[in-house]
Amino acid sequence: MHRRILAPGALAAASLLLAIPASAASHSPGAPGIGDPYYPYYGNGGYDVSHYDLRLQYQPATDELAGTATILARTTQDLSSFDLDFLLDVSEVRVNGATAAFTTSGQHELVVTPKSPLAKGTQVTVVVRYSGVPSTKSAYGFSTWHRTPDGAVAADEPESAWWWYPSNDHPLDKATYDVSVAVPDGTQVVSNGSLQSTSSQRGWTRYNWRQNRPQATYLTTLAVGRFDITTSTSEGGVPVVNAYSKDLGDNDGAARASVERTGELVDWLSGYFGPYPFSSAGGYVPNTTTGYALETQTRVYYSPRQFANGSNTSVVVHELAHQWYGDDVSVKGWKDIWLNEGFARYAQWLWSEHEGEGTTQELADYVYASHPADDAFWTVKPGDPGPDDQFDIAVYDRGALAVQALRNAVGDDAFFAILKGWPREHAYGNASVADFEEYAEKVSGKSLSGLFDAWLFEPAKPAVPALKAAGVPDQPRSWKKIEATNDVH
């Protein structure tokens, strides 16, 4: 995972140096960033994507990836050129059927200049033909492409798309997807959504996956390898697809004992968050050396290390909670990360209460008392933590404390109405912490600005009513399982 501030470069200047036809004097280059202050050059300006169609071929033995991306978009300004976030080697770009000029700029920018300038509001079809070896590519000194003994995995936050498809890489620009990948016979492909079909020809098998609900780029995943794939349907009617690398070794049983409960947990979470928002659910556990888990939409990525000490349904609850808080409703900007992590952590607290291993209040009391006032824990502001602390434990634990504080302030009826109504209010869209505060005030009828300021924005330990016991309360029985998920996302 990547916690850093990206130093501004010369991307904008490079884009402006591209030749602009005289007839396009009123047109200008799209910005090389979407405007997120945490990551100035993530995403791009000037257009909005509605659909990605990715038709690829991948050879695990050599890590060679080749294919064509067809991107459907609409311009949001008069454009002379526009950027895509991408790292592989491009051989051709077409815009609305015509060959377009292209060059690279900065760390991960593909700059495209159409043959004719594009007016605001134009429907645009962009075709990019490309190839390369993803594991040889890096940006800002890192790679998010993970080789495995039998293939590879793309799953990371806040970026992973650059290594396998060109995109507008920011949660603000969500789109639907068709992901079609051919691999040698005997190898399988796992991605988001539902498997539409497979076909085999001349030693290659093609897998066609479809995500029919808007999805952020970082939530798109690709896993190639040899898997044991299980399918089922939850009691509530949600199709579930799980996949396990065939070489997980001693972690195999614990992984299955956890992830195979996905259907049960989706149904249980639906009682708090409302109907499951997607066409399928599930997860996959590849043989990687990474330690984190990630809420890749409908098909959660789990590192086998999450199950090294036995089964842990708490991590599954966390990632499935993100399907509502983070995937269905995504952040407007990366500073709004509390809307993802604070609520996914709180879902773990609700599961602890359900399992009789500690109530949400007992967990809140324990976390609050465990951090003295001079602990750096309280200097991190979950409502705007900064890029270096975006995934700091305070965003999770102090973030969950803020959720419990909200519950105590508004009462259970209003609280659970907020919890279930929020995903419905912003379904398949984006929202900010300020939007949530406004919504909570509307539902509860209470002024909550002081509460949110104290728990999310003040770099100090908030004052709370007296705890149930002096000193640090007893550690809830669920705490070790929850603590074991501190490096998940």
Note to self: Suppose we screen for side-chain hydrogen bond (donor to acceptor under 3.5 Å, both in side chains). Which residues come up paired with Lys481, at least two apart in sequence or across chains?
What the structure shows: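 Glu357.
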Assert yes or no for the condition that the ring centre distance of [X] to [Y] is strictly below 6.0 Å.
X: Trp162; Y: Tyr42; answer: yes
X: Tyr52; Y: Tyr165; answer: yes
X: Tyr284; Y: Tyr301; answer: yes

Check: Considering all heavy atoms of both residues, which atom of Tyr302 and which atom of Val300 are nearest to each other, and what is their separation?
Finding: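 The answer is CZ-CG1, 3.3 Å.
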Next item on the list: Locate the shortest heavy-atom distance separating Val224 from Val189; write the atom from each residue and the value.
Entry: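 Smallest heavy-atom distance, with atoms named: CG2-CG2, 4.2 Å.
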Next item on the list: Give me the ring orientation class for Phe142 and Trp163: parallel if the planes are under 30° apart, tilted from 30 to 60°, perpendicular past 60°.
Entry: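 Rings of Phe142 and Trp163: tilted, 30 to 60°.
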Next item on the list: Sequence neighbours left out, what passes side chain to side chain contact (heavy atoms under 4.5 Å, CB included) with Lys174? Give chain and number order.
Entry: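 If we apply the side chain to side chain contact (heavy atoms under 4.5 Å, CB included) test to Lys174, skipping adjacent residues, the hits are Pro214, Ala216, Ser330, Asn430.
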Next item on the list: From the options Asn251, Asp247, Asp252, Thr148, select the one residue that forms a side-chain hydrogen bond (donor to acceptor under 3.5 Å, both in side chains) with Asn287.
Entry: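 Answer after filtering Asn251, Asp247, Asp252, Thr148: Asp247.
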Check: Of Glu295, Glu159, Gln297, which is the lone residue that meets side-chain hydrogen bond (donor to acceptor under 3.5 Å, both in side chains) with Tyr218?
Finding: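 So the option named by the test is Glu295.
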Item checked: Exceeds 12 heavy-atom contacts within 6.0 angstrom, atom CG of Asp185 ->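 It does: Asp185 CG has more than 12 such atoms within range.
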Note to self: Are there over 12 heavy-atom neighbours, none belonging to Asp89, within less than 6.0 Å of that residue's CG?
What the structure shows: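 Buried by this count: over 12 neighbours within 6.0 Å.
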Side chains of [X] and [Y]: does their closest heavy-atom pair fall under 4.5 Å?
X: Tyr207; Y: Val181; answer: no
X: Phe436; Y: Trp422; answer: yes
X: Val179; Y: Asn192; answer: no

Distance-only criterion, 3.5 Å: show the donor-acceptor pairs between side-chain atoms of residues 272-279 and protein atoms not counting sequence neighbours.
unit_1	atom_1	unit_2	atom_2	d
Tyr276	OH	Ser280	O	2.7
Ser279	OG	Ser194	OG	3.3

Checklist line | Single hit among Ile393, Asp392, Val395 for side-chain contact (heavy atoms from CB on, under 4.5 Å) with Glu341 | finding: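 The option that passes is Val395.
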Does a donor on one side chain and an acceptor on the other come within less than 3.5 Å for [X] and [Y]?
X: Ser478; Y: Glu355; result: no
X: His322; Y: Asn340; result: no
X: Gln215; Y: Tyr428; result: no

Checklist line | Carboxylate-amine/guanidinium proximity below 4.0 Å for Lys246 and Asp228 | finding: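 Looking at Lys246 and Asp228, the cut-off is not met.
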Margin query: With side-chain hydrogen bond (donor to acceptor under 3.5 Å, both in side chains) as the criterion, how do Gln348 and Ser314 come out once you've worked through the C-alpha distance, each side chain's angles and the decisive distance to 0.1 Å?
Written below: CA-CA 6 Å; Gln348 294 176 266; Ser314 190; 2.8 Å; yes
Item checked: Backbone of Tyr41 reached by a side-chain donor or acceptor of His108 within 3.5 Å ->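 Yes.
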